Amino acid sequence: MLTITLPDGSTQTHEKGVSGLEIASAIGAGLAKAAVAIRVNGELWDLTRPIEKDAAIAIVTRETDEGREVLRHDAAHAMAEAVKELYPETQVTIGPAIENGFYYDFSRKEPFTPEDLEKIEKRMHEIVARDEEVVREVWDRKEAIVFFKNMGEHYKAEIIEAIPEGEPITLYRQGNFIDLCRGPHLPSTGRLGKGFKLMKLAGAYWRGDSKNEMLQRIYGTAWANEKELKHHLFVLEEATRRDHRRLGKEMDLFHIQEEAVGSIFWHAKGWTLYRILEDYIRRRLDRAGYVEVRTPELVDRSLWEQSGHWEKFREHMFTAESEERVLALKPMNCPGHVQIFRQGGKSYRDLPLRMAEFGTCHRNEPSGALHGLMRVRAFTQDDAHIFCTQDQITEETKAFCTLLLSVYKDFGYEDVVIKYADRPDLRAGDDAVWDAAEAALRAATEATGLAVSPNPGEGAFYGPKLEFVLRDAIGRDWQCGTLQVDFVLPERLNASYIGEDGEKHRPVMLHRAILGSIERFIGVLIEHYAGRLPLWLAPLQVVVTTITNDSDAYAKEVVAALQKAGLRVEADLRNEKINYKVREHSLAKVPVLLAVGNRETENRTVSIRYLGDKDQESLALDKAVVRLTSEAAAPDA
RNA sequence: GCCGCCGUAGCUCAGUGGUAGAGCGCACCCUUGGUAAGGGUGAGGUCGCGUGUUCGAUCCACGCCGGCGGCACCA
């Protein structure tokens, strides 16, 4: 007999060899039905696997994160089974559970078509209906390799060969389909249910290496039940609805065209938003003790050679030639800032020197990476470099984190994750320098008291960095801010200051940005707010519209009064019904609509309606001006 | 860059081996209407670019350019 300890600490006695499913049934039929796997002494097992020793267990049910992961993995297997039934010549490779679903990579000469996906999904539902038993088998590794090779499944054989000696080789069999898999899996395919859907088709390299064969990846989403699936599909629709490329067009903010791929044509409204952001950050930096500079965009190759960019960043740089010289468009502002630092002698009394620039950088991103405002080839950073002593790193890091979090809060982001990225493989500077830089950043980070998670190997080529990731309104993460400790560039570009001791010293450079790229940050903001920007950010804040043409003169007066108060306002005097105009301006996401008709004209009032509200309010014109001016103030004002 | 899909009016999209349509938008006319679409008339297209097949190509084939999704890359 075995003693089974449940998560609440209570114990049960069972026969030796009892299965998770049996234990769940003993507790209750509902639990047995919802069960998808069992945790045995911390390990995730199949429900059908016999338990031979006393154990602490927990039944994993489908409506939990772990349960969904098991379901997703089963969905991947069901898909592979369906594909093998429909297209037997296909080789299967790997098919893991991922966030929100699963994928499976297949090797097949013929490309799959969207119609194939429908067929495969239909077959998956049939496999669920068949309720095939899923059986776990432990195989000898050599036999398994031979077995898969004989089946023509060369990728599977390769995977087994890569499994470390000593680890058990487990295969799972369902119907006529057998797959190498760590498990666990459901007891039978019927438990998968109907909460899955195939989503899209994409290419993916074998083992993620672009030198290898391109496989065909089929993505699916899978959930505990149909209701969850529906909710997920709704969130996806929401993301589409918020897409900054669509909203950018609808709101007349910007466009991109093929003659300038990767660069933005900012329309008047978009540029207004851009300037609001830039002005805001400029104010924040001024107050935080930064100076602002401007450095050249086109710079001779020799400087990039000296900085190390020519060696480490060459493939991302655009070049031009003139009078036998090779020039490059700057991909970063840092070398330029060092040139300014080097002008005139610097003393320790000048440090920390915080040098900011809204510098336009060009990077030749691969065509496939371009994406609206989010990934472009020409962008402007809210960039700055803090030249300081090693002793000042901690204090500057703390001040920067405080500033950054305060800025994010002003934009409505409260949920910020910080990551610590250390030395990458491709880097400048020797290990001793990296040791020092990493230690300095780590100590400074600890001093801030903020929670930081590691991001190994993702540092910049010249130094380790902090990455600041904000979470938007529908739960997506965006990395915007960064702080990088650099001991390399000051050395390479020969920056120095005279210390208290009268000797020359190397300053440290802290590269830092809060918004990151202004273009990208605008994209993130648009999607976060679904286009309904807060009043202080809205390019057009107020539209004054007339009920009939009788009120045109008064409407113009209202516009003038608001403009005088510094509001961004337009008149809509068109001969259209008020319903029509309300609808149009609502769709255009104008935050405030002021309607004026005969009543308002006579009483010198306005009828005020906020975007999203159904009601309106009548207000004296002078009061409306005061109120809107105060509501439109930037949060740092 | 790689794989898949796509490219038709300003926008969203339908369609055909015999040079093309809808809705919205736009212009003009009627309507002056109190909070999410009032009515009429009209203008508007080198069907992404190139080559080929064909009597004839927007449609079929190939190449290129661009877009979308993913992979790889990445601030």
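Note on naming: letters A, B, ... go to the chains in the order of the sequence lines (proteins, then strands), and numbering restarts at 1 for each one. Note that this is a predicted model, so its numbers are computed, not measured.
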Along nucleotides 32-41 of chain B, 5' to 3', which nucleotides get a B, which get an S, and which get a -, given that the test is a protein heavy-atom distance under 4.0 Å? BBBBBBS---

Do A:Y610 and A:D615 have a side chain donor and acceptor closer than 3.5 Å? no

Which of these passes side-chain contact (heavy atoms from CB on, under 4.5 Å) with A:F387: A:V508, A:L510, A:V338? A:V338

Sorted by chain and residue number, the side-chain hydrogen bond (donor to acceptor under 3.5 Å, both in side chains) partners of A:E527 (sequence neighbours excluded) come out as A:H244, A:R476

If we check salt bridge (Lys or Arg N to Asp or Glu O under 4.0 Å) with A:E357, which of these qualifies: A:R282, A:K330, A:R512? A:K330

Protein-nucleic acid N or O pairs under 3.5 Å, nucleotides 10-14 of chain B:
{"from": "B:U12", "atom 1": "OP1", "to": "A:K249", "atom 2": "NZ", "distance (Å)": "3.1"}

If I pick the P atom on B:C59 and the same atom on B:G1, what distance separates them, to the nearest angstrom? 25 Å

Would you check if there is a donor-acceptor pair between the side chains of A:H585 and A:D572 at a distance under 3.5 Å? yes

How far does the C1' atom of B:A14 sit from the matching atom of B:A72, given to the nearest Å? 37 Å

For B:A9 and B:A36, measure between their C1' atoms and round to the nearest Å. 27 Å

Would you mind telling me which residue lines up with the more 5' stretch of RNA chain B, A:G459 or A:Q216, judged by nearest nucleotide? A:Q216

Atom-pair distance (CD on A:E315; C1' on B:A72), nearest Å: 13 Å

Once you round it to whole Å, what is the distance between C1' of B:C74 and CG of A:N455? 12 Å

For the pair A:K312 (side chain) and A:R427 (backbone), establish whether a donor and an acceptor sit closer than 3.5 Å, ignoring hydrogens and angles. yes

Pairs meeting criterion salt bridge (charged side-chain N to carboxylate O under 4.0 Å, His left out) with involvement of residues 542-552 of chain A, two or more places apart: none

How far does the C1' atom of B:G25 sit from the matching atom of B:A57, given to the nearest Å? 31 Å

For atom P, what is the distance between B:A61 and B:A37, given to the nearest Å? 45 Å

Whether each nucleotide of nucleotides 64-71 of chain B has a protein heavy atom under 4.0 Å at its base (B), only at its sugar-phosphate (S) or at neither (-) is summarised, 5' to 3', as -SSSSBBB

Look only at the side chain of A:E519 and the backbone of A:T380, and say whether a donor-acceptor pair between them is shorter than 3.5 Å. yes

Could you work out, with salt bridge (Lys or Arg N to Asp or Glu O under 4.0 Å) as the rule, every residue matching A:R354, not counting sequence neighbours? A:E396

Within residues 512-523 of chain A, find the residues that approach RNA chain B with a heavy atom at under 4.0 Å, and present them sorted by residue number. none

I'd like to know if the side chain of A:T546 pairs up with that of A:K581 as donor and acceptor (distance under 3.5 Å, no hydrogens or angles considered). yes

Is it the case that the side chains of A:W206 and A:D105 hold a donor-acceptor pair, with the cut-off being a distance below 3.5 Å and no angle test? no

Distance-only donor-acceptor check, side chains A:E311 and A:H309, under 3.5 Å: no

Any side-chain heavy-atom pair from A:T295 and A:H337 closer than 4.5 angstrom? yes

Those residues that, when tested against A:E258, pass salt bridge (Lys or Arg N to Asp or Glu O under 4.0 Å) (two or more places apart): none

RNA chain B base-pair string [pairs: Watson-Crick or G-U under 3.5 Å; |: paired with another strand]: (((((((..((((....[..)))).(((((.......))))).....(((((..]....))))))))))))....

Expressed as a whole number of Å, how far does the P atom of B:G39 sit from that of B:G23? 12 Å

Residue pairs passing the salt bridge (charged side-chain N to carboxylate O under 4.0 Å, His left out) test where at least one lies in residues 588-608 of chain A, sequence neighbours excluded: A:E557-A:R604

Considering residues at least two apart in sequence or located in another chain, which fulfil the side-chain hydrogen bond (donor to acceptor under 3.5 Å, both in side chains) criterion with A:N364? A:R377

Rounded distance in Å between the C1' positions of B:U12 and B:G7: 14 Å

B:G48 to B:C6 separation - C1' atoms, rounded to the nearest Å: 11 Å

Looking at residues at least two apart in the chain, or sitting in another chain, which of them share a side-chain hydrogen bond (donor to acceptor under 3.5 Å, both in side chains) with A:Q91? none

Taking atom C1' of B:C3 as reference, at what distance in whole Å does atom CG of A:L215 sit? 10 Å

Distance, rounded to the nearest Å, where A:I218 contributes CD1 and B:C3 contributes P: 18 Å

